[in-house]
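This report concerns only the one structure given below.
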Amino acid sequence: MTATWLEGIDVVLDVLDKNWNRGNTENFKPVIIDIADVTPERGKRLDLQNRDYILVFETAHNEETPELLYDFVTTRINITLDARTSRSRKHMQKMENEIRRCIHTKRKGDGENYDRLVFKTRTDLSDRSKMLFRTTFQIEVVIFAELIP
């Protein structure tokens, strides 16, 4: 049996890419990339003078077995979004609000690829001395009653 649904990281990339509203972030749309798909060292060398970036990567993949039915599992996939900009603190707050809006817009799932999208945590990692504004977000993709192949 071959999986035909989207992976958790593809779900988050798709939600951000298709639902981002440039009007909410001063007419800027960040480059949204999966760090597993870029060339080596690309994640360390970003041109923040011209673009904003959201680096996306998976940090955990958990499966829970229900008590009664052992043919199904509940899958919880933790995805980290690493948002970076050099514009301003206020611009980073606008990016944060847009990320939250995109995630909450699709939080109920699409019924095919995932069942819930949960905005979990936010961590400010900004370095104001270098004018690098950086925030990481933890997003959880939840799939209920996934059939075990």
Side-chain angles (χ1 to χ4, degrees), residues 2-65 73-146 148-149:
T2 304
T4 57
W5 59 87
L6 291 176
E7 291 289 328
I9 200 158
D10 295 327
V11 165
V12 173
L13 289 168
D14 194 46
V15 165
L16 290 175
D17 191 46
K18 289 183 178 176
N19 295 289
W20 194 272
N21 184 347
R22 297 170 66 110
N24 294 337
T25 54
E26 300 171 353
N27 208 26
F28 291 105
K29 182 177 181 181
V31 176
I32 303 167
I33 53 177
D34 175 3
I35 62 169
D37 290 342
V38 296
T39 58
E41 300 295 318
R42 176 72 172 131
K44 293 181 181 178
R45 297 187 181 138
L46 302 174
D47 183 12
L48 290 172
Q49 297 301 319
N50 297 319
R51 303 297 305 258
D52 299 329
Y53 287 86
I54 298 177
L55 307 175
V56 182
F57 52 96
E58 185 176 318
T59 49
H61 186 113
N62 302 313
E63 291 185 357
E64 303 166 1
T65 306
V73 294
T74 297
T75 304
R76 297 180 183 277
I77 306 163
N78 288 329
I79 308 289
T80 298
L81 307 180
D82 187 347
R84 301 177 184 192
T85 186
S86 63
R87 296 183 199 285
S88 68
R89 175 102 175 115
K90 188 160 190 81
H91 184 72
M92 177 53 77
Q93 290 171 342
K94 289 180 180 183
M95 286 178 61
E96 174 188 344
N97 289 338
E98 187 60 14
I99 290 169
R100 288 184 70 228
R101 187 194 67 79
C102 290
I103 298 302
H104 286 302
T105 298
K106 299 296 181 181
R107 71 179 177 263
K108 292 182 181 177
D110 62 3
E112 183 179 331
N113 297 302
Y114 67 103
D115 295 304
R116 296 283 183 271
L117 206 54
V118 182
F119 184 92
K120 291 178 75 174
T121 62
R122 175 186 73 85
T123 307
D124 186 356
L125 299 172
S126 299
D127 186 348
R128 287 159 187 82
S129 65
K130 295 180 181 176
M131 292 300 292
L132 171 65
F133 301 96
R134 179 179 174 209
T135 305
T136 60
F137 306 91
Q138 294 293 319
I139 310 299
E140 185 176 60
V141 179
V142 182
I143 305 167
F144 296 124
E146 183 178 1
I148 298 173

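These numbers were taken from a predicted model, which means no experiment stands behind them.
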Is it the case that the side chain of [X] and the backbone of [Y] share a donor-acceptor pair, with hydrogens and angles ignored and the cut-off at 3.5 Å?
{"X": "N113", "Y": "L6", "answer": "yes"}
{"X": "K29", "Y": "D17", "answer": "yes"}
{"X": "T59", "Y": "N78", "answer": "yes"}
{"X": "N97", "Y": "R101", "answer": "no"}

To the nearest 0.5 Å, tell me how far [X] [atom1] sits from [Y] [atom2].
{"X": "N21", "Y": "T105", "atom1": "CG", "atom2": "OG1", "result": "10.0 Å"}
{"X": "S86", "Y": "N50", "atom1": "OG", "atom2": "CG", "result": "8.5 Å"}
{"X": "L132", "Y": "R84", "atom1": "CG", "atom2": "CZ", "result": "7.0 Å"}
{"X": "R76", "Y": "Y114", "atom1": "CZ", "atom2": "OH", "result": "15.5 Å"}
{"X": "M92", "Y": "T85", "atom1": "CE", "atom2": "OG1", "result": "6.0 Å"}
{"X": "D52", "Y": "R87", "atom1": "CG", "atom2": "CZ", "result": "4.5 Å"}

### Task
Please list, chain by chain and in numerical order, all residues satisfying ring-ring contact (aromatic ring centres under 6.0 Å, His included) with F28, sequence neighbours excluded.
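Partners of F28 by the ring-ring contact (aromatic ring centres under 6.0 Å, His included) criterion, ordered by chain and then number, come out as H91.
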### Query
Who are the side chain to side chain contact (heavy atoms under 4.5 Å, CB included) partners of E96, not counting sequence neighbours?
R100, R122, F137
Mind checking what makes side-chain hydrogen bond (donor to acceptor under 3.5 Å, both in side chains) contact with [X], not counting sequence neighbours?
{"X": "K90", "value": "none"}
{"X": "N24", "value": "E98"}
{"X": "K108", "value": "none"}
{"X": "D124", "value": "R89, S126, R128"}

### Message
Testing the basics here: between L16 and C102, what is the closest heavy-atom pair and its distance to 0.1 Å?
### Response
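Reported closest heavy-atom pair: CD2-CB, 3.9 Å.
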### Query
If you take all heavy atoms of D82 and F57, which pair is closest and at what distance?
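Smallest interatomic distance, heavy atoms only, reads CB-CE2, 4.3 Å.
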### Query
Are R134 and D127 ion-paired here, with the side-chain N under 4.0 Å from a carboxylate O?
no
### Message
I'd like to check F119 versus R107 (side-chain heavy atoms, cut-off strictly below 4.5 Å). Are they in contact?
### Response
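F119 vs R107: side chains apart.
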### Message
With side-chain contact (heavy atoms from CB on, under 4.5 Å) as the test, pick out the partner of I79 among V11, L117, L13, V56.
### Response
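Per the side-chain contact (heavy atoms from CB on, under 4.5 Å) rule, the option paired with I79 is V56, out of V11, L117, L13, V56.
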### Query
Any side-chain donor paired with an acceptor under 3.5 Å for Q138 and T80?
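Yes, side-chain donor-acceptor contact under 3.5 Å.
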### Query
For T135 and I99, what are the C-alpha separation, side-chain angles and deciding distance, and is it a side chain to side chain contact (heavy atoms under 4.5 Å, CB included)?
CA-CA 11 Å; T135 305; I99 290 169; over 6 Å; no
### Task
Show your working on side chain to side chain contact (heavy atoms under 4.5 Å, CB included) between I54 and M95 and close with a plain yes or no.
CA-CA 10 Å; I54 298 177; M95 286 178 61; 4.2 Å; yes
